[in-house]
4 protein chains.
Amino acid sequence: MRKRPRQRRARESVEAILEATRQLLTEGPIESFSTDAIAERAGVSVGTLYQYFEDKADLVREVGERHVREVGALLASVAAPDASDGSLRRYAVALLEATAEGHARDRGLHATILGLGLTSSLRRTLERSEARARESLARVAEAQGAADPAMAAGLAYDLIERFAHKRLAEPGDTVPESVVERYADELARLLAGET
Amino acid sequence: MRKRPRQRRARESVEAILEATRQLLTEGPIESFSTDAIAERAGVSVGTLYQYFEDKADLVREVGERHVREVGALLASVAAPDASDGSLRRYAVALLEATAEGHARDRGLHATILGLGLTSSLRRTLERSEARARESLARVAEAQGAADPAMAAGLAYDLIERFAHKRLAEPGDTVPESVVERYADELARLLAGET
Amino acid sequence: MRKRPRQRRARESVEAILEATRQLLTEGPIESFSTDAIAERAGVSVGTLYQYFEDKADLVREVGERHVREVGALLASVAAPDASDGSLRRYAVALLEATAEGHARDRGLHATILGLGLTSSLRRTLERSEARARESLARVAEAQGAADPAMAAGLAYDLIERFAHKRLAEPGDTVPESVVERYADELARLLAGET
Amino acid sequence: MRKRPRQRRARESVEAILEATRQLLTEGPIESFSTDAIAERAGVSVGTLYQYFEDKADLVREVGERHVREVGALLASVAAPDASDGSLRRYAVALLEATAEGHARDRGLHATILGLGLTSSLRRTLERSEARARESLARVAEAQGAADPAMAAGLAYDLIERFAHKRLAEPGDTVPESVVERYADELARLLAGET
DNA sequence: TATGAATGAGGCTTCATTCAT
DNA sequence: TATGAATGAAGCCTCATTCAT
C-alpha cells in the first residue's frame, strides 16, 4: 500500500475499495474487473484508489492476502479433537466445511489472481498459511498416534483443499452428503494414522 | 471454428495457430497473450487467424478442448492392472505421472481459461472427460473387489487431480519422491477397496 | 521506430504523423501536445501512431533528429567563400540567415524537447551536427589564414547560434538590419583570423 | 500571488515553497515536478501552497522572476572597470563567470518556463533586466571610447548569454579554460570599441 | 490557517477486430 | 486466401485543484 490512511474518512474509503475489489473479483468475469469499475462500486473516484494503492496489482495482492488470512483463520478456529475417537470424525467434517466456506466466500479470486500472476509476496503469505495449517494437522495426527504425522498431515491438507475446490465447481456449491462422508472418513483415517 | 480449412497450407496454418496459442498460454504471463503475438509466433498474419476462428475466445476454447482431450487420452492410455496385486501399485504411479505430465504440458491454460470464463461448451467437454476417467477407475476398483467402486473412483480421481496441480505449483515441477509414494499408496488402497 | 512501413499507405501515415508532431510542437503550448491531438491533426487514429512509434518520446526524438539534420543541411548548403575578400562577408550573412531560417521553421521544438528531456540519442545527433558545422567553419578560417582556426570556428558557431535564437525571440522573427550587419562583421572578422 | 502572508510562519512557508520549486525545477525531469512533490519538499501540504499561489503557473512565474532578478543582480554586482586597460579584461571574465553561475543555479528553469509558456509578465521582467544589463555594458563601452557603444553592448550581452548557455550544456558545467579566455578576449575587444 | 482526502478530466497506451489491397 | 494497416473503445494512471475538517 502506497499511503496509510490517517483520517476516519480515509480508512472508510480504503475498506470500501477493498470490499469492492473482492466483490468484483468474486462475481464477474475478468473483463469487467477494471479500476473504474472498482472505484464506482466502492463509491469513490479512481484517484482515491490510487492514493492508497500503488497500482491494480497492489490492490489485488492486498485482497488476496486478506483472503488467505481469512481462510487460515477459519481453519485455525476449528477446535482440535480429543484423543477420544468420537470427536475426530466431527473434526474432519468441520475442517472440510470450514475450508470450503472460506473458498466459497471469495469464489473466483483464485482464478483471477492466477491470471494476473501470483506475486511473490502473496505466494509467501500463501505458503506460510499452508505451513501453519499443516503443522496444526500434524499435531492432531501425532496426538492420535500416527506413524508419520507430517506425511499424514500433508495428504490430509491436500484432501481438504481438493474438497473445497470440488465444491466450488458444483452448481449451488453443494456436494452430495455421501461425498462429504467419504472425504471425512478418509480424513479421519489419515489423521488416525491408519495405514 | 469459423471455417474449415480446405487446402493443405490452410490446415498447416490452423495447426500453427493452435500450437502458438498453446505455447503462449503455457509460457507467458497473460499480458503477452495477444492475437498479434499468436499470429507472429504462428508465422501468419492476424487476418489469417480471423479466417479460421470467430474470435479470441473461440481460439482459446479450441485449445482448451484439445488439452482436455489429450489429458483424457493420456489417462486412458495407462493400461489397467490385472487383479494380481503387484500391478495395481504400478498402475497408481502411472496414473499420477500421466495426469501430472498432461497438466504440465499446458501449464497456465487453466488460469487463462478460467480468467476468460469457462464456456459452457468447454465445461461439457471437461465433464465428459472426467466422467470417462471415473468410469475407467471404477472398473478397476470393481475388478479389485471394492465395496463401492464409484465412490472409490471419485476419491481416486480427486487425488490424482490434486497431485497434478500440486506438482504444477512446485518450482521445477517436481515433488519429493516420498510424496509420490504416499499418493500412490493411498490410490492403490482406494482402488483395492480397503476401507 | 517500432515498425518500418511497407506499403505506400503506411509511409503516408508515418509522414503525416511526423508532420503533425512538428506542427504541434512548433505552434502550441506544451499542454496541447498530446498523442490524441497528433493523431487528429495527422488524420489517423492513435492506434496507427503506435504502430510506428514506440511511444511519445520516440516520436519526438524522430522529429528532433529530422530538425537537427535539416538545420545541418541548410548550413552545409551555404557555399564556402573564395579566399578573395569580397565573398567572405556574403558568406557570413548567408550563414546567419540560413541558421535562423532553420530554427524558425521549428520554433518551439527546442524548448519542448528540452522540456521532455533530451534523449541521449538526440544529443548525439546534435553533437555530430555541431561538429560537422564547426569543421566546415574551421576550413574556411584556415583558408583565410586564421591563426587558430578551430577556436575561431567555435566562436563563430556560437555567434551564429545566438543570432538564430535571438531572432526567434523577436516579434515577427525580425531583427534590425544593423544588428545583422554587426553580427556579419564580427563573423567575417573571426573567420578572417583577425586578432 | 494570491495572498500576502502576514505571520512569520506563513512567510517561512512561502519561502520554503518557492525554494522547493526552484530545486525541483533545477534538479529533475519535468515529470517529477508536481504540486505534490513541491509541497512535500517544502514540508507543507498542498492546501498551503494554494493559499499563497493562484495556481501552478503563478508559482512558476514567481520563481522565474526571482531568477531573472538574481541574475540581473549578479551582473550588476560586477564592478565596472576603470578606463585603465588592465581591469577591462578582468571585468570581462567576471561578467562571464557571474552570468554562467546565475544560470547554473537554476538550470532547467529555462526549459520548464518555456514549456509552460512564457507569461507576458515574466517576459516584461526579462526584457527590463536585459535592458538594464545592456545599458550598463554600454556605459562601460562608452567610457572605453567605443564608436557605437549601444551596438557593442548588444553584441557583448549576446556573447555573455551564449557563454552561460554553452556552459550549462557541458557535462559538469565546465568549459575549457581556453574557451573562457577566447570569450573574454572578444568581450574586452568589443567593449574597448575596437572594430 | 493548515491539512490531506477526494475529485475527475485527460493523458498514454494496448489490442481485438475489420477491411482494402 | 493472405496480408498488415488502420481503427477506436477502453484500460490504467497522474496530477492540478477543491474543500471538509
Side-chain angles (χ1 to χ4, degrees), chain A residues 3 5-14 31-39 43-57 59, chain B residues 3 5-7 9-10 13 31-40 43-59, chain C residues 3 5-14 31-39 43-57 59, chain D residues 3 5-7 9-10 13 31-40 43-59:
Chain A
K3 209 163 76 179
R6 310 257 166 109
Q7 306 178 6
R8 185 161 54 80
R9 193 170 37 136
R11 268 199 307 278
E12 285 169 5
S13 292
V14 169
E31 290 101 44
S32 56
F33 177 62
S34 68
T35 48
D36 279 355
I38 295 170
V44 302
S45 72
V46 234
T48 299
L49 191 157
Y50 281 93
Q51 291 241 339
Y52 300 107
F53 300 93
E54 204 65 56
D55 53 18
K56 202 184 167 186
L59 181 50
Chain B
K3 212 157 69 179
R6 304 273 165 103
Q7 306 179 8
R9 189 160 51 121
S13 290
E31 291 99 49
S32 56
F33 177 61
S34 66
T35 47
D36 274 356
I38 294 170
E40 193 186 341
V44 300
S45 71
V46 234
T48 299
L49 191 156
Y50 278 90
Q51 292 252 323
Y52 298 109
F53 299 93
E54 199 64 53
D55 54 19
K56 202 182 170 185
D58 185 27
L59 179 51
Chain C
K3 206 163 78 179
R6 309 256 167 109
Q7 306 178 5
R8 185 162 53 79
R9 193 170 35 139
R11 269 200 306 279
E12 285 169 6
S13 291
V14 168
E31 290 102 44
S32 55
F33 176 62
S34 67
T35 49
D36 279 354
I38 295 170
V44 300
S45 72
V46 234
T48 298
L49 191 157
Y50 280 93
Q51 290 241 339
Y52 300 106
F53 300 94
E54 203 66 54
D55 53 19
K56 202 183 167 187
L59 181 50
Chain D
K3 211 158 69 181
R6 304 273 164 100
Q7 305 179 10
R9 188 160 52 120
S13 290
E31 291 99 48
S32 56
F33 175 62
S34 67
T35 48
D36 274 355
I38 295 169
E40 192 187 340
V44 301
S45 70
V46 234
T48 300
L49 190 155
Y50 278 90
Q51 293 253 321
Y52 298 109
F53 300 92
E54 200 62 55
D55 54 19
K56 201 182 170 186
D58 185 27
L59 177 51

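As a basis for the values below, the full set of heavy atoms in this structure was taken, side chains included, without hydrogen atoms, waters or symmetry mates.
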Students often get this wrong, so: under 4.0 angstrom with heavy atoms, is [X] touching a base, only sugar-phosphate, or nothing?
X	result
B:Ser34	sugar-phosphate
C:Gln7	sugar-phosphate
C:Tyr52	sugar-phosphate

In whole Å, I'd like the distance from the [atom1] atom of [X] to the [atom2] atom of [N].
X	N	atom1	atom2	result
A:Arg6	E:dG4	CZ	C1'	9 Å
D:Leu59	F:dT17	CG	P	10 Å
C:Asp55	F:dC13	CG	C1'	16 Å
B:Glu40	E:dA16	CD	C1'	16 Å
D:Asp36	F:dA16	CG	C1'	9 Å
A:Ile38	E:dG8	CD1	C1'	17 Å
A:Phe33	F:dC12	CZ	P	8 Å
A:Phe53	F:dT14	CZ	P	15 Å

**Asked** So what's F:dA2 paired with, Watson-Crick or G-U wobble, going by both distances under 3.5 Å?
**Response**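 Paired with F:dA2, as far as the under-3.5 Å criterion goes, is E:dT21.
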**Prompt:** For F:dT14, which nucleotide in any strand shown is its Watson-Crick or wobble partner with both distances under 3.5 Å?
**Reply:**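 Check on F:dT14: paired to E:dA9, both distances under 3.5 Å.
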In terms of side-chain heavy atoms of [X], which of [options] is nearest?
X	options	answer
B:Val46	F:dG4, F:dA2, E:dG8	F:dG4
C:Val44	F:dT3, F:dT7, E:dG4	F:dT7
D:Thr35	F:dA16, E:dA6, F:dC13	F:dA16
C:Lys56	E:dG11, E:dT17, F:dG8	E:dG11

Nearest-0.5 Å distance that lies between atom [atom1] in [X] and atom [atom2] in [Y]:
X	Y	atom1	atom2	value
D:Lys56	D:Ser34	NZ	OG	6.5 Å
C:Tyr52	C:Arg11	OH	CZ	10.5 Å
C:Glu54	C:Lys3	CD	NZ	12.0 Å
B:Glu40	B:Ser45	CD	OG	12.0 Å
B:Phe53	B:Ile38	CZ	CD1	9.5 Å
B:Leu49	B:Leu59	CG	CG	5.5 Å

**Upstream residue (5' side of DNA chain F) when D:Gly47 and C:Ala10 are each assigned their closest nucleotide** =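 Closest to the 5' end, via its nearest nucleotide, is C:Ala10.
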**Prompt:** Want to settle it: does A:Ser32 or C:Leu49 sit nearer the 5' end of DNA chain F, counting the closest nucleotide to each?
**Reply:** C:Leu49
Examine [N]: is either OP1 or OP2 under 4.0 Å from a nitrogen or oxygen in the side chain of [X]? Give yes or no.
X	N	answer
A:Lys3	E:dG4	no
B:Ser45	F:dG4	no
A:Thr48	E:dT7	yes
C:Tyr50	E:dT14	no

**Message:** Please compare C:Gln51 and A:Pro5 by the position of their nearest nucleotide in DNA chain E and report the one closer to 5'.
**Reply:**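 With C:Gln51 and A:Pro5 compared, the 5'-side residue is A:Pro5.
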